[in-house]
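What follows is one structure encoded as structure tokens, with my remarks underneath.
Note that the numbering runs from 1 along the sequence shown for the chain.
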Amino acid sequence: ATRESIIDMLSGMKGATIVRDLLESGALNDQDIVNTGYRRQQLQLFENMLYNDCLDEYKRYVIGKPTTKDETAWQHFFEQNEWIFGYGLSYRFNTILQREFAASDTDADGSGQVNTDFLTADNRFTAFVELKKPDTPLFGTARNRSGAWKLSTELLEAHSQALQQKAAGVIKLENSRHLTGNKGQRISQRSLAAQSTVIIGSWSEIEGDINYTRQREKQQ
């Protein structure tokens, strides 16, 4: 009965917080087993938020603010699970240095600042991550002259935005001497072989197309 109660408690929306508290307190020390179970749970949570309309529950029970904006909620999830970026970004970085990183300085009137959702890095390499909501369209509604499906305006603009973030951010990291991260630590990383990643849309947009030929074309 105790075992079932623990499983039921950890499988809820606050399960991740409980596991993290147990790890920090030293109550659990079999790190490999705990990390594997925790990550499996977080991937299931990710799937539920993405496909089963559980984003509002995450805002309410994990963040504790039901009015949180969708994009902010996704930022919170990835910040709590920065290992996900490690698997997807060539395994190069160890941690999130700065959330909402100001990749450039402002103009004299305060405008023109370029922001990226996350600045991630190890000791040498940096990656700029831009998040878009999973319901952002990836494709347009028509083909171009070559017969290929047009990319959505949102995707093209996100691509341009990411390139600008990378260009401005690399310059700022190379030229600024007094940058600090989320925890007040000095950012000393250099932007060697900097990467820029856009996380946008959902595979369900393609799988939801009832025309199999269109599905295959867009998958390719």
Side-chain angles (χ1 to χ4, degrees), residues 46 49-50 55 68-79 81-82 84-93 95-122 124-176 179 181-182 187 189-209 214-215 217-220:
F46 178 83
M49 291 167 63
L50 195 61
L55 187 60
T68 302
K69 293 181 180 179
D70 287 357
E71 188 168 338
T72 303
W74 282 111
Q75 287 177 337
H76 182 277
F77 174 81
F78 284 118
E79 190 171 21
N81 294 279
E82 54 188 31
I84 294 178
F85 286 154
Y87 281 114
L89 302 182
S90 300
Y91 305 90
R92 278 187 173 174
F93 86 95
T95 188
I96 294 173
L97 291 180
Q98 183 65 49
R99 177 181 177 182
E100 296 286 355
F101 176 67
S104 72
D105 296 323
T106 61
D107 294 330
D109 62 358
S111 64
Q113 181 166 289
V114 177
N115 294 316
T116 186
D117 286 312
F118 291 105
L119 171 67
T120 67
D122 64 6
R124 297 181 180 85
F125 299 98
T126 53
F128 301 91
V129 182
E130 176 64 25
L131 296 180
K132 299 298 181 185
K133 293 191 294 185
D135 58 358
T136 304
L138 300 174
F139 293 95
T141 57
R143 302 173 187 267
N144 58 29
R145 291 183 180 180
S146 66
W149 284 96
K150 293 182 178 180
L151 300 178
S152 69
T153 299
E154 291 86 349
L155 178 55
L156 293 174
E157 289 181 348
H159 180 261
S160 297
Q161 182 181 6
L163 292 178
Q164 175 61 16
Q165 290 169 353
K166 176 180 176 180
V170 167
I171 293 173
K172 184 169 185 176
L173 287 172
E174 290 297 321
N175 296 333
S176 299
L179 295 177
N182 285 341
I187 296 178
Q189 278 79 358
R190 299 186 62 193
S191 290
L192 301 176
Q195 292 179 295
S196 185
T197 300
V198 177
I199 299 177
I200 184 172
S202 171
W203 194 253
S204 61
E205 177 187 341
I206 299 173
E207 293 180 334
D209 194 326
R214 287 199 299 261
Q215 272 193 38
E217 291 174 345
K218 292 178 179 180
Q219 286 171 356
Q220 299 302 322

To the closest 0.5 Å, what do you measure between CD (Q75) and OG1 (T68)? 11.0 Å
Considering all heavy atoms of both residues, which atom of W74 and which atom of P134 are nearest to each other, and what is their separation? NE1-CD, 3.5 Å
Minimal heavy-atom distance between Q161 and E130, with the atoms involved, is NE2-OE2, 3.4 Å
Looking only at heavy atoms, which two atoms of A73 and L55 are closest? And how far apart? CB-CD1, 3.9 Å
With rounding to the nearest 0.5 Å, note down the distance linking CG in D70 to CE in M49. 9.0 Å
Flag yes if more than 12 heavy atoms outside K133 fall under 6.0 Å of its NZ atom; otherwise flag no. no
Measuring from L50:CG to F77:CZ, what's the distance to the nearest 0.5 Å? 10.0 Å
How long is the straight-line distance from CZ of F78 back to CD1 of I199, given to the nearest 0.5 Å? 4.5 Å
Answer yes or no: is there a side-chain heavy-atom contact under 4.5 Å between I200 and L138? yes
Mind listing the closest non-hydrogen atom pair of Q215 and E207 along with its distance? NE2-O, 3.3 Å
With a 4.5 Å limit on heavy-atom distance, are the side chains of L163 and H159 in contact? yes
Atom CZ of R214 and atom CD1 of I206: how far apart are they, to the nearest 0.5 Å? 12.5 Å
With a 4.5 Å limit on heavy-atom distance, are the side chains of K132 and E154 in contact? no
Spatial distance of atom NE2 (H76) from atom CD (E79) [nearest 0.5 Å]: 7.0 Å
Nearest heavy-atom neighbours spanning P137 and S152: O-OG, 2.6 Å
Could you go through F139 and L151, starting from their C-alpha distance and side-chain angles, then the distance that decides it, and tell me whether this counts as side chain to side chain contact (heavy atoms under 4.5 Å, CB included)? CA-CA 4 Å; F139 293 95; L151 300 178; 4.1 Å; yes
